[in-house]
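Below is one structure, written out as structure tokens, with a few remarks after it.
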2 protein chains.
Amino acid sequence: MMPRVFWDNPVQVGETVVVSGDDGHHFARVLRAKVGEQLSVAAAGLGYLAVVRGVDAAAGSVELEVTRQLDARDPFNKIYLIQALAKADKVDGIVQRCTEVGVAGVLVYESARSVVRLTSSKRSARVARWNKVAKEAAIQCQRDTIPLVDHASTFAAVYTWLEDHGPCQVLLLDEAERAQTLRTWLQATYAPITEEMATIVVVGPEGGWTDDERRAWSTVKAQSITLGPRILRTETAGVVAIAAVLYEYGDLGG
Amino acid sequence: MMPRVFWDNPVQVGETVVVSGDDGHHFARVLRAKVGEQLSVAAAGLGYLAVVRGVDAAAGSVELEVTRQLDARDPFNKIYLIQALAKADKVDGIVQRCTEVGVAGVLVYESARSVVRLTSSKRSARVARWNKVAKEAAIQCQRDTIPLVDHASTFAAVYTWLEDHGPCQVLLLDEAERAQTLRTWLQATYAPITEEMATIVVVGPEGGWTDDERRAWSTVKAQSITLGPRILRTETAGVVAIAAVLYEYGDLGG
């Protein structure tokens, strides 16, 4: 697996950049990068090939020349996951698998029947950990972006998050739904989707949604969806639904 | 979650049956079933509702009356997984998630680059454990059948397993494949599939397939398939591919 480094700022082919900080330390001292070695760079959401031109082990930095732009690795369509909070290691696995398959971002939501509650002191550590899991998974599967993992403890915060994500279709997975399947919904509504139009997959907690929550979701025009008669666990439902949406939209390779 | 008990033998609505052995012990002494309570029964691949008519805690048995047949929970189409052997807990998670989504059976295959090898003494314990995971997942998601988990240490054993599973399309997930995507393959070849025609999804080990293995798979007319530019881990690829196949064939709720 080729190492990959992520930047927020755009780069140009032919440009030389110096990687310092944690990433520089990682390449110079942990991976012991050598002059002439190749690695990949994701900068501002685009992937590039780069070659190591200099290594300063003492300072923990490497100098890279960007040599070529790579084909896009991220899905064209933006599929987000809103995931009801579950035990920490379950959320780790959810973030990891959904990042691999191609999720654009994750919002962990403390739903009424979530068996876990986060104190405000624990919350930032947990969110930092989930973002670390997302970064490691993005490197592993060579994605061009790292999905951001956010947290919401109220429906008002969910609402704000949704507004920040622009026009979207919200698909509420609900085992009480009997009629509307994912396939009939996507195939009935599908029109060439622009990059601005997101799909939000919403996964409930182990105990399911409360009627109050169903009413709250209906205020954001969420469509209740069934994935069929087998009851998926909260840690399996998201990756299955996202895989199916990406498949339908031609984003699992086309 | 309603408890579910599995039988190999068919039952009839109106019939009274006595559950003894491990299941009887579980219902009579662990769950402390009470007369009049409902539970569900899967017998010979069909689901039923039943009511407890008698409990013998001392003997560890319960008497059930079968009251009504339930709608089918299992997919109409049979999708099997051939999974390259990985570390034990990874295979546990694979079996669990694939059972939930609807896999018909799993063959764990010791591929050339599998990092784990099973001694013959360990093998039967490991296979027993995977089958226990499959049973628990089948109960949890209320399936009508428990997927059987088998093991193969040679390609000859894989070949025998394939022959036992009748006419099928074999889809070899291969990160070296660039052209043939799952969607184009399924949509090009799809014809109303009968219950006799199975789909076999084959997932390689972390290090990928060897050329010898690719040749061996080609002798069983396996079609190389890409799931796109993101590199899925061996423990994520199977559930994603199976979800997509079930989605395409209308088996995630239709």
Side-chain angles (χ1 to χ4, degrees), chain A residues 1-2 47 70-76 93 96-103 137-144 173 175 177-187 206-207 225-233 235-237 239-254, chain B residues 1-2 47 70-76 93 96-103 137-144 173 175 177-187 206-207 225-233 235-237 239-254:
Chain A
M1 183 179 90
M2 189 179 291
L70 299 170
D71 291 340
R73 298 284 181 110
D74 275 20
F76 177 75
Q96 185 183 32
R97 286 188 290 276
C98 290
T99 297
E100 284 174 68
V101 75
V103 79
I139 291 171
Q140 187 273 325
C141 69
Q142 300 275 305
R143 283 191 52 176
D144 299 328
L173 304 188
E175 61 184 63
E177 175 64 36
R178 292 281 175 272
Q180 187 63 269
T181 71
L182 186 60
R183 189 155 161 266
T184 50
W185 172 259
L186 293 179
Q187 293 186 349
E206 280 156 2
I225 294 285
T226 173
L227 289 179
R230 294 172 298 287
I231 302 154
L232 299 177
R233 289 175 308 148
E235 60 264 53
T236 307
V239 69
V240 165
I242 292 167
V245 175
L246 290 171
Y247 175 86
E248 175 65 38
Y249 289 174
D251 259 330
L252 282 184
Chain B
M1 184 179 88
M2 189 178 291
L70 298 170
D71 290 340
R73 298 284 180 111
D74 275 19
F76 177 74
Q96 186 183 32
R97 285 188 289 277
C98 290
T99 298
E100 283 173 70
V101 75
V103 80
I139 291 171
Q140 187 274 323
C141 69
Q142 299 277 304
R143 282 190 53 175
D144 299 329
L173 304 188
E175 62 184 62
E177 175 64 35
R178 292 283 175 269
Q180 186 65 267
T181 72
L182 186 61
R183 190 154 160 266
T184 51
W185 172 261
L186 294 179
Q187 294 186 349
E206 279 155 4
I225 293 284
T226 174
L227 289 179
R230 294 172 299 287
I231 302 155
L232 300 177
R233 288 175 309 149
E235 59 264 53
T236 307
V239 69
V240 165
I242 292 167
V245 174
L246 291 170
Y247 176 86
E248 176 65 39
Y249 289 173
D251 259 329
L252 283 184

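All chains are named by letter (A, B, ...) in the order of the sequence lines, taking the proteins before the strands, and each is independently numbered beginning at 1. Atom set for the values below is all heavy atoms of this structure, side chains included, hydrogens, waters and symmetry mates excluded.
The contact between A:Ala72 and chain B is made entirely by backbone atoms, counting heavy-atom distances below 4.5 Å. Neither the backbone nor the side chain of B:Arg178 comes within less than 4.5 Å of any heavy atom in chain A.
No side-chain heavy atom of A:Glu248 sits under 4.5 Å from any side-chain heavy atom of B:Glu248. Here the side chains of B:Pro229 and A:Arg143 are not in contact, with every heavy-atom distance at 4.5 Å or above. Looking at heavy atoms from C-beta onward, B:Leu246 lies out of side-chain contact with A:Val240 at the 4.5 angstrom threshold. Considering only heavy atoms from C-beta on, B:Leu186 comes within 4.5 Å of A:Tyr247 through its side chain. Here the side chains of A:Gln96 and B:Arg233 are in contact, with some heavy-atom distance below 4.5 Å.
Although no hydrogens or angles enter the test, the distance criterion places no donor-acceptor pair under 3.5 Å between the side chain of B:Arg230 and the main chain of A:Cys141. Of the possible donor and acceptor atoms, none in the side chain of B:Thr181 sits under 3.5 Å from a partner among the backbone N and O of A:Gly253.
Smallest separation of non-hydrogen atoms from A:Glu100 and B:Ile231: OE1-O, 4.5 Å.
In B:Gln180, the CD atom is crowded: over 12 heavy atoms of neighbouring residues, nucleotides or ligands sit closer than 6.0 Å.
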Query raised in the report: What do the steps show when you test B:Glu235 against A:Arg97 for side-chain contact (heavy atoms from CB on, under 4.5 Å), and what is the final call?
Result: CA-CA 9 Å; B:Glu235 59 264 53; A:Arg97 286 188 290 276; over 6 Å; no
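Chosen from A:Gly93, A:Ala243, A:Gly254, A:Gly228, the residue pairing most often with chain B at heavy-atom distances under 4.5 Å is A:Gly254. Between chain B and the options A:Thr184, A:Leu182, A:Thr226, the largest number of non-hydrogen pairs under 4.5 Å is found for A:Leu182.
Residues passing the side-chain hydrogen bond (donor to acceptor under 3.5 Å, both in side chains) test with A:Glu177: none are found, sequence neighbours excluded.
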